[in-house]
2 protein chains.
Amino acid sequence: MLTDRQLLILQVIIEDFIHSAQPVGSRSLSKKDEITFSSATIRNEMSDLEELGFLEKTHTSSGRIPSEKGYRYYVDHLLSPQAPKKNEMKLLKSVFVERIYELEKIVQKSAKILSELTNYTAIVLGPKVNEHKLKKIQIVPLSPDAAIAIIITDTGHVENRMISLPPSFDINEIEKMVNILNARLVDVPLVDLKDKIYKEVAALLSRHIHNYGSIVSVLADTLTDTKPEKIFFGGKTNMLRQPEFHDIAKVSTLLSMIEQEQGFYDLITQNPAGIHVKIGRENQNTVLDDCSLITATYSIGQEQVGTLAILGPTRMEYSRVISLLSFFSKDLTTLMTKLYQK
Amino acid sequence: MLTDRQLLILQVIIEDFIHSAQPVGSRSLSKKDEITFSSATIRNEMSDLEELGFLEKTHTSSGRIPSEKGYRYYVDHLLSPQAPKKNEMKLLKSVFVERIYELEKIVQKSAKILSELTNYTAIVLGPKVNEHKLKKIQIVPLSPDAAIAIIITDTGHVENRMISLPPSFDINEIEKMVNILNARLVDVPLVDLKDKIYKEVAALLSRHIHNYGSIVSVLADTLTDTKPEKIFFGGKTNMLRQPEFHDIAKVSTLLSMIEQEQGFYDLITQNPAGIHVKIGRENQNTVLDDCSLITATYSIGQEQVGTLAILGPTRMEYSRVISLLSFFSKDLTTLMTKLYQK
DNA sequence: TGTTAGCACTCTGTCTCTTTGAGTGCTAAT
DNA sequence: ATTAGCACTCAAAGAGACAGAGTGCTAACA
């Protein structure tokens, strides 16, 4: 529906605006090498593009800036993927060089590096631990009415929770109980723990443990309220560097939302596999009206386990960020698969 | 050296400026109830106070604002301690109502509540874990060359570290080793672990474990590189609400420093017991030139274990924040002492 | 001798007016 | 279909005027 010339103009305007943050006028456009026709022609085309909703004006006699629809079209059709540069690659790879086994550290460092590389805010959702399997369970009594339960997964992840012991519970039976739990629950995925405890272990415990009723529910509850995937941020204050956020009132609500962290959880989890770009109001959140969010998923084997995301202004370097995320998510998938694939 | 009247004027100016953030003029001062003399008299006194360095002007014909020296004098001599209000008390106490045993959660929640109550940024340094005693040690092999070591302290704190096993190490000897370690190291403070391992446990291990040499050093290293006290923040973006930080360039460096988190570690650890106020350039850091930092320590029994701090503009509600911190640090000390005093 | 009224002076912030420059839209010529 | 030319628009920046809040100083006062 759009002519080649219109596409060219749209692309050049968007790319110019992404770098300059200034409305683009017909005269400055006509000076570009790619553009062989006059400023008057450009004006006519720009006028048409505006009528079609791809461009906007900030005031009647200003140059044009891309509309959300313009960005959308650009991202969907005009993007020229550009391979990351050598030094960018190197920086990305540096996440993997230390022989780190702990997932959380890899993920946290990823957020940091992505934010440094893009100058935007990086948000990384850690891998789901629900699918991980129990390697060992350990219960250490601390006082007559409290103990600490430690769960170790096959991926080297350790979680610990306080459990309140029922008043009538005999501390000496803890060891017995732990043995039973380990015998029965090792290699069970964390999500299935609760079920398994009630269906199989409860009966067993009843035979060996006094007062088993009260402890079973406590165990099942504490062991299975698995924490959701952890969320890591990098470059939380990078938004301050963007000229469009030079107004404190505007940036303040945004930074508050970023500080809350959890607000982004839903925004980022609900994406299917692959790379996705949400532009401005597509995010369904007035605070993010002037922001774009690019998400990429990563996996262990075939199973998608986490998400990388970059939050920037709508005037974002889409092609660079998309390439970066695509490259990095592949690498992360490879690494994780190698490390944790069973 | 200062007359009573000068003190009164200084105090009223500072308190007015703290609330209005506007330079205070002689006429508006003379209208206050506490002030019984004319604006001309006030002008003379203000002129003297300026000459003495307690006040400043923003330009030749502006009202006065407090200088750093003025704030210092105010904090040292003029402060009227004010007990926290009922609802503030209630909020502070709410940290303790949930029967939480885990230190980190208490500390994290403290930071959140302090920041909400003050509208400034709260920084809380978690208790040192070095002094805690080993309750149990556990080593779980994950692969032929890696295992995970878990240390549980008597305070319910759990730490875990990856350890790389020496290639020649026989996995089956782990259990034996763990038994020896537990028999010998329980109740040893974490700081003394390394020493004890080399002095007492190494010899024992040599008798029972093949290839003990390599594993001993790995153990000693990984077990004893205790992490420093964790630092928690609340209200990181609260600075944006202060009118003196309505300039992005100014706030940007400050927020970056806050985001780095570790920059505050030294600033906060180096304080001796009690409440301390550092005003503006007293912080020895150009980024904090317009900020004040109020710190309070908390203890377990007699031993000082952590720090609470509030970071705000130099134009800070000193008396309220000091009261709040003093009140809260006492409560925290009481709670911690009750929970963890041996 | 300390206090105060009065007044000239200073500086900021706000308003308005003007100018400049970058840009558009339209028309007519190519 | 394209383009040169021109009138028009708007924002940003600068200059001048003015009000308001403040000071410092002097002289009068108790």
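Quick caveat: nothing in here was measured; it's all calculated off a predicted structure. Order of the sequence lines sets the chain letters (A, B, ...), proteins ahead of strands, with each chain counted from 1. Just so you know, these numbers use all the heavy atoms, side chains as well, and skip hydrogens, waters and symmetry mates.
In this structure, the CG atom of B:L49 is 15 Å from the C1' atom of D:dT23, given to the nearest Å. The distance from atom CD1 of B:I13 to atom C1' of D:dG22 is 13 Å, rounded to the nearest whole Å. Spacing between atom CD of A:E51 and atom C1' of C:dT24 amounts to 15 Å, rounded to whole angstrom units. Nucleotide C:dG2 holds its P atom 12 Å from the CG atom of B:D48, rounded to whole Å. Between the CZ atom of A:R27 and the C1' atom of C:dA22 there is a distance of 9 Å, rounded to whole Å. Taking atom CZ of B:R5 as the reference point, atom C1' of C:dT1 lies 12 Å away to the nearest angstrom. We find that CD of A:E50 is positioned 16 Å from C1' of C:dC26, with the value rounded to whole Å. Rounded to an integer number of Å, the gap from CG of A:L29 to P of C:dA22 is 15 Å.
The listed nucleotides are C:dG25, C:dT4, D:dG22; the one nearest the side chain of B:A40 is C:dT4. Here the side chain of A:T60 is nearest to one of D:dT9, C:dC11, C:dT4, namely D:dT9. Nearest nucleotide to the A:M46 side chain, out of C:dT24, C:dT4, D:dT23: C:dT24. Checking C:dC26, C:dT4, D:dT2 against every side-chain atom of B:F37, the shortest atom distance belongs to C:dT4.
Under the 4.0 Å criterion applied to side-chain N and carboxylate O atoms, B:R72 and B:E68 are not assigned as salt-bridge partners. A salt bridge between A:E261 and A:K236 is present, with a side-chain N of the basic residue lying under 4.0 Å from a carboxylate O of the acidic one.
Under 3.5 Å, the side chains of B:S319 and B:Q82 contain a donor-acceptor pair of N or O atoms. Side chains of B:S38 and B:T41: a donor on one and an acceptor on the other come within 3.5 Å.
Listed pair B:T41 / C:dT4 meets the phosphate criterion, a side-chain N or O lying under 4.0 Å from OP1 or OP2. Between B:S26 and D:dT23, a side-chain N or O to OP1/OP2 separation shorter than 4.0 Å is present. Checking the phosphate oxygens (OP1, OP2) of C:dG25, a side-chain nitrogen or oxygen of A:R64 falls inside 4.0 Å. Listed pair B:R43 / C:dT4 fails the phosphate criterion, with no side-chain N or O lying under 4.0 Å from OP1 or OP2. In this model, the phosphate group of D:dA21 is not approached by any side-chain N or O of B:K57 to a distance below 4.0 Å at OP1 or OP2.
Under the 30°/60° scheme for interplanar angles, the aromatic rings of A:Y71 and A:Y318 are found to be tilted.
Of the residues near DNA chain C, B:N44 and A:V24, the one whose nearest nucleotide (by heavy atom distance) lies more toward the 5' end is B:N44. If you find the closest nucleotide of DNA chain C to B:S61 and to B:E45, the one lying nearer the 5' end belongs to B:E45.
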